[in-house]
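Atom set for the values below is all heavy atoms of this structure, side chains included, hydrogens, waters and symmetry mates excluded. This one's a predicted model, so the numbers in the text were calculated from it and none came from an experiment. For ligands, and for the atoms within them, numbers begin at 1 and follow the listed sequence.
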Amino acid sequence: MKIFKPYLQALAAYKPPLEGRDPARFELLDFNERTIPVGEHIKQALIDYINSDRLQMYPSYGDICTQLAGYCGVQESQVMITNGSDHGIELIFRGLGGVGDQAIIPGPTFAIYSQVAKVEGMTIVAPEYTKAGGYPLAAVLAAITDNTKTIVAANPNNPCGTPISNEQIATLAEAAPQAGILVDECYFEYTRASAKELLDRYPNIFITRTFSKTWGLPSLRFGYILTAAENIEVLLAMRGPYDINQLAVVAAKAALANPEYVERYIDEVMGSSKPAVEAFLDKLGIDYWPTVANYVLMFPADPDGLYETLMQAGILVRPRVDNQGRKGLRVTFGTRAQTDKLLAVMTEYFH
Ligand SMILES: Cc1ncc(COP(=O)(O)O)c(C=O)c1O
C-alpha cells in the first residue's frame, strides 16, 4: 500500500536503544539523563494528582507559562509549553519550511532535527563541527540561500558538547532574516548560557528547552519554546489544546517550586564528575571533544571493547560516530559515586 507522500515512504524510524535499560542493573550513562531519581516532592505531587480523581478530565495548564516566564526571565507571551522539546523542534520545523526548502543542520548532531526536516520534505545541508573550530559558522553562513528556512544552533550540541556564543547566534539571525534560528537549549541548566536576551532584538530566534535532562522528567515529556510573542501565536495555532500531559505539568510545577534537587545535582555533575573524567582522559591520552555539557564524546582505541567491558560491569554508555566515521563513546557524567565506578572500570580496562 503506497498511500503516503512518496518521500515519506523512503524514511526510516529513529530507534534509539531504549529497551532493557534497567536502573537496578545498570548505571545509565547513555542518554544524558539525570542519573538518579527525582525528589520525593515530585513523586508526591504526582500521587496527589492521581488521588484527586481527575484523570478522567482533559488537562488544564493553569499558570505554568507564568511560572516558566519567571524562571526564564522572559515575558509570559514569549513562552509556550510542548510535549518534550522534540515536540517544540517539530512544530518549529513544520511551521517554517516545506518541500523544496532548505534546513541547515550542522553535524554530527541530535537525530530529531533531520528527521523532522525530512518529514517536511526539506533538503538538508550539514556543515561539519570540528574539534578545533566548534560550530561551523563560516560554512553555515556560506550555505544560506533564499530557500533557507531553518538553521540549527544547538547550545550545546549533542553528541560533542560544543557551545555556540550569542554573538554567533546573532550573526546567524542577521544573515538569514527569512529563516528561523533554532537554538536548542536542552542542556541549559548545565551551562547557564542562553540566547534569551536576543529574543527582543531578533524575532527569528526560537529557543527550545526541556524538563527531560537536568530536571529528571523525560518519561513525562515536558518542554517549552521561548520566542517572540508573534511566533508563539502561530505555534499555538499549530499545537493541539491538550498535547501536553497533565501529569507532566503537575511534575514540572512541583520541580519549579523546589529546584534545589536540581542545583545540588548540577554542582556534583559539573563541579566534581566532569573534571574527574576529563582529568582521567587527559592522563591516559584518550582523545575527546571539549565539552560544556553533562556528557563527553571520547575516542578510545577500541570503543567496542570498552563499551562491552563497561556493560559487563553494569555501566551503559552510547556508541556515536564523528563526521569522519570515527567510532567513539558518548558518556554521560553522573554522580561522583557513579563516576568513581566508571573510572575504576576504565582504569582496570586500560591496564
Ligand atoms: C540536543 C537535544 N535536544 C533535544 C532533545 C530531546 O529532548 P526532549 O526529551 O525534551 O524531547 C535531546 C535529547 O537527548 C537532545 O540531546
With heavy-atom distances below 4.0 Å as the criterion, list the atoms of ligand 1 near Ser212. 8 (P), 9 (O), 10 (O)

Got a sec, which residues hit ring pair (Phe, Tyr, Trp, His ring centres under 6.0 Å) with Phe222, two or more places apart in sequence or on another chain? Phe211

Among Arg221, Glu33, His87, Lys213, closest by heavy atom to atom 11 (O) of ligand 1 is Arg221

Under the salt bridge (Lys or Arg N to Asp or Glu O under 4.0 Å) definition, can you give me all pairs with a residue in residues 233-247, not counting sequence neighbours? none

Is Lys327 paired with Asp302 through a side-chain N to carboxylate O contact shorter than 4.0 Å? no

Does the side chain of Gln102 come within less than 4.5 Å of Lys149's, by heavy atoms? no

What do you reckon, are the aromatic ring centroids of Trp215 and Tyr71 less than 6.0 Å apart? yes

Nearest-neighbour protein heavy atom for atom 6 (C) of ligand 1, which is reported as residue plus atom name and distance: Asp86 OD1, 3.1 Å

For atom 7 (O) of ligand 1, which protein heavy atom lies nearest, and how many Å away is it? Ser85 OG, 3.1 Å

Centre-to-centre under 6.0 Å for Tyr129 and Tyr135, is that the case here? yes

Would you check the N or O atoms of Asn32, main chain and side chain alike, for any that come under 3.5 Å of an N or O of ligand 1? no

Which residue holds the protein heavy atom closest to atom 1 (C) of ligand 1, what is that atom called, and what is the gap in Å? Asp184 OD2, 3.4 Å

Find out whether Val140 and Pro106 are in side-chain contact, i.e. whether some heavy atom of one side chain is under 4.5 Å from a heavy atom of the other. yes

for atom 10 (O) of ligand 1, nearest protein heavy atom and its distance come out as Thr210 OG1, 2.5 Å

Any idea which protein heavy atom is nearest atom 4 (C) of ligand 1, and the distance to it? Phe110 CE2, 3.3 Å

Give the atom numbers and elements of ligand 1 that come within less than 4.0 Å of a heavy atom of Tyr113. 1 (C)

Taking the non-hydrogen atoms of Tyr187, is any one of them nearer than 4.0 angstrom to ligand 1? yes

